[in-house]
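Comments concern the structure below.
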Amino acid sequence: MISHDAYTSRDRSTRRLTVAQALVRFLAAQYSERDGVEHRLIEGVFGIFGHGNVAGIGEALLGLELQDPALLPYRQARNEQAMVHTAAAFARMRDRLSTYACTTSIGPGATNLVTGAALATINRLPVLLLPGDIFATRTANPVLQELEDPRGYDISVNDTLRPVSRYFDRVNRPEQLPSALLAAMRVLTDPAETGAVTLALPQDVQAEAWDWPEELFSPRVWHVPRPRADVDALARARTAIQNAERPLVVAGGGVVYSQATAALRTFVDATGVPVAETQAGKGVLPHDHPLSVGAVGATGTSAANAIAARADVVIGIGTRYTDFTTASHTAFAHPDVHFVTINIAAFDAAKQAGISVVADARSALEELTAALGDWSTTADYRGEIAAAREDWQSRVASAYHFGNAPLPSQIEVIAAVNDAVGPRDVVVCAAGSMPGDLHKLWRAGEDPKTYHVEYGYSCMGYEIAGGLGVKLAAPEREVYVLVGDGSYLMLAQEIVTAVAEGVKLIVVLVDNGGFASIGRLSESLGSQRFGTAYRHRSPSGRLNGGPLPVDLAANAASLGARVERATDIEEFEQALARAKDNDRMTVLHVQTDPVAGAPDGGAWWDVPVAEVSGLESTRAARTGYESAKKAQRPYL
């Protein structure tokens, strides 16, 4: 980290401010830099005020806004979990070079941050959390919403954030603030360590005044490096690839964050190595590139999974190798498969016990391409790739234009959106069955930022809040949010935030009367879709009565959105066109068939089935589970 030239004079004067005032002025002066381009590190603050932060951070943000609203804009959120999702989506859209801070009161506001923090940390996305905390002085204990843990008075509900934060600190004295802030910025800007960062701020300390060194508030630039690979590790990777007959790249989100898509394209064009994509890596190659085999793993294409099953060297780039990517360790079935893993985080690079290359994805790809020289895969292998691609693309075309059912399928809705989007428009989704369908079927274009699906935590409720973050990060792009009725019912409040901020989203609300994804999973496991449909309780005492009279479109209208209802695909396509021409937050409600599914990609996901059961359906599923389990293997 090196600061701006203005900081080199080392001004030794002081300024008397409260801890909260010093905090927000510091945040307003932080920048990140990579490849010579600077970015605001903390773009603004999302918040909901309560007794634990209103007189501290609230007063400080007001003072800053009165001075200049652009210094550190405050945005009022409606749900604490949602505002962390918004910050995470913003950071992802900005390649982790900028983010938002999120402030809450102590109590329920603080514990509501936990889910969002877990999502950010699991997905390696920087967000700064600033929950209020109980009194450091303890003079009024127990205060409102204090946990009162008998093991110690220094424990508060904020400690629930420790395991889901990459850095956690509690600022109990003003003197502790500078070191805590510098440590927080270090983690936020470290691509190998980043995630949720929590600074718990006791409410009395927030309001306490101190004489701060003026240099604390000078502009400060945090340089984001591109670490190069160890020469010997790169040589081992080169040798492994040159000896491969059927290599395969598995591209993850690290390729996108490193802005390495051009380097990856140069690599595959030179070598003929096909590319399969994780959820976070989808779009690193356009869908029509001859070496793109699409999504891999449990939600993968038949093309990618067929190539993966026979790959003898798997080159993982910027991937965490989750169980969906590896099909629960069944996807890579070659008896002598070896792995080359390129990742900026040593923790991830060491997975699969292969050749570990700890490096920035772009720099490693550039060096690896040069090291391989004129080496390339065989014409026969490329022919096999082309045949697998052609077969899958024909299956996608059939699925996209199936029709004939009383209700449209979810696939038809996805197809309509795919046809409607422009080359820079963004599709946003998260949990449920739609992420899997999108991963398999979405036809990505040239821009990797057009596909934004959160699947690291698969968090229901991310969609609308995440779409808001994407739009704030890229206001020039049209943003389409695909959300199921289950996710919508969990977290729709940020429609209000988008309306208040004048932010336009096109929200496609797919209403299938329940939890479609888990319904399908339940059926496949022999549990007969139990508890997955939205139904009245019947006279028998079971939840198998008639459909609930819930009107989600009316709910969206009550939150301030412009709403249209579509009963078939033709109406939906017309509504999409009107939404694109409109400048308002719009929700398009469409009912879909909950049973119709996407083409099978031929992979498995390990979800244990009851070993003993009185249900014939469960016993049959257990037999299938035990058979599939035999293909599972450790990669050693």
Side-chain angles (χ1 to χ4, degrees), residues 1-11 23-45 64 68 70-73 87-101 120 123-128 166-167 178-197 199 213-229 253-264 318 342-346 358-367 447-449 469-470 472-476:
M1 185 280 299
I2 302 174
S3 61
H4 281 121
D5 291 343
Y7 180 46
T8 58
S9 61
R10 298 289 182 184
D11 188 345
L23 166 71
V24 300
R25 280 160 175 75
F26 173 88
L27 295 181
Q30 305 306 298
Y31 297 83
S32 66
E33 177 275 328
R34 188 172 66 180
D35 301 332
V37 180
E38 287 188 10
H39 309 265
R40 283 282 300 272
L41 178 54
I42 308 297
E43 193 81 15
V45 179
L64 211 59
D68 182 354
L71 285 174
L72 195 68
F90 182 94
R92 174 173 170 175
M93 199 66 187
R94 291 285 183 87
D95 290 326
R96 307 190 294 197
L97 298 170
S98 297
T99 189
Y100 267 78
N123 284 285
R124 318 295 205 257
L125 295 170
V127 296
L128 177 60
R166 293 295 290 170
Y167 177 80
S179 61
L181 287 172
L182 294 174
M185 298 305 108
R186 174 189 61 79
V187 175
L188 289 173
T189 56
D190 184 338
E193 292 293 328
T194 197
V197 168
L199 297 182
E214 193 66 42
E215 62 191 285
L216 183 65
F217 312 114
S218 297
R220 191 179 299 259
V221 181
W222 299 83
H223 299 284
V224 180
R226 289 193 180 278
R228 296 196 172 276
V255 176
V256 181
Y257 299 141
S258 178
Q259 298 172 337
T261 53
L264 176 64
I342 300 169
N343 204 293
I344 200 164
V358 180
D360 169 74
R362 193 173 87 182
S363 66
L365 276 168
E366 290 170 347
E367 292 183 338
D447 186 343
K449 287 296 181 183
V470 169
L472 290 173
E476 74 285 358

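Side chains of P227 and I344 form a contact here, defined as non-hydrogen atoms less than 4.5 Å apart. Side-chain atoms of S98 and M93, non-hydrogen and from C-beta on, never get closer than 4.5 Å to each other. Side-chain contact check for R40 versus Y31: some heavy-atom pair is nearer than 4.5 Å. Counting heavy atoms from C-beta outward, N343 and V358 have side chains that stay 4.5 Å or more apart. F26 places a side-chain heavy atom less than 4.5 Å from the side chain of L182.
Here the closest non-hydrogen pair linking T194 and L188 is OG1-O, 3.1 Å. When all heavy atoms are compared, the tightest approach of I342 to A361 is CG2-CA, 4.5 Å. Closest non-hydrogen pair, L23 versus L181, comes out as CD1-CD2, 3.4 Å. Summarising the geometry of Y100 relative to A87, their closest heavy-atom pair is CB-CB, 3.8 Å, with the distance given to 0.1 Å. Shown here for L125 and A88, the closest heavy-atom pair between the two residues is CD1-O, 3.6 Å. Nearest heavy atoms, Y257 versus N123: OH-O, 4.3 Å.
Here CZ of R228 is found 7.0 Å from CD of E366. Values are rounded to the nearest 0.5 Å. Put simply, CG on D190 and CZ on R96 are 9.5 Å apart, with the number rounded to the nearest 0.5 Å. L72 CG to R25 CZ: the interatomic distance, rounded to the nearest 0.5 Å, is 10.5 Å. In this structure, NE2 in H223 is found 14.0 Å from CZ in R34, a value given to the nearest 0.5 Å. Taken to the nearest 0.5 Å, the CZ atom of R94 stands 9.0 Å off from the CG atom of L472.
For T189, the side-chain hydrogen bond (donor to acceptor under 3.5 Å, both in side chains) test picks out no residue, with sequence neighbours left out.
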- prompt: Stepwise, does the side chain to side chain contact (heavy atoms under 4.5 Å, CB included) test hold for V24 with V45?
  reply: CA-CA 9 Å; V24 300; V45 179; 5.7 Å; no

- request: Kindly indicate, with the supporting measurements, whether the criterion side chain to side chain contact (heavy atoms under 4.5 Å, CB included) is fulfilled by L27 and M185.
  value: CA-CA 9 Å; L27 295 181; M185 298 305 108; 3.8 Å; yes

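Here the rule is salt bridge (charged side-chain N to carboxylate O under 4.0 Å, His left out) with D95, and of R124, R362, K449 only K449 fits it.
Between the side chain of R226 and the backbone N or O of D360 there is no donor-acceptor pair closer than 3.5 Å.
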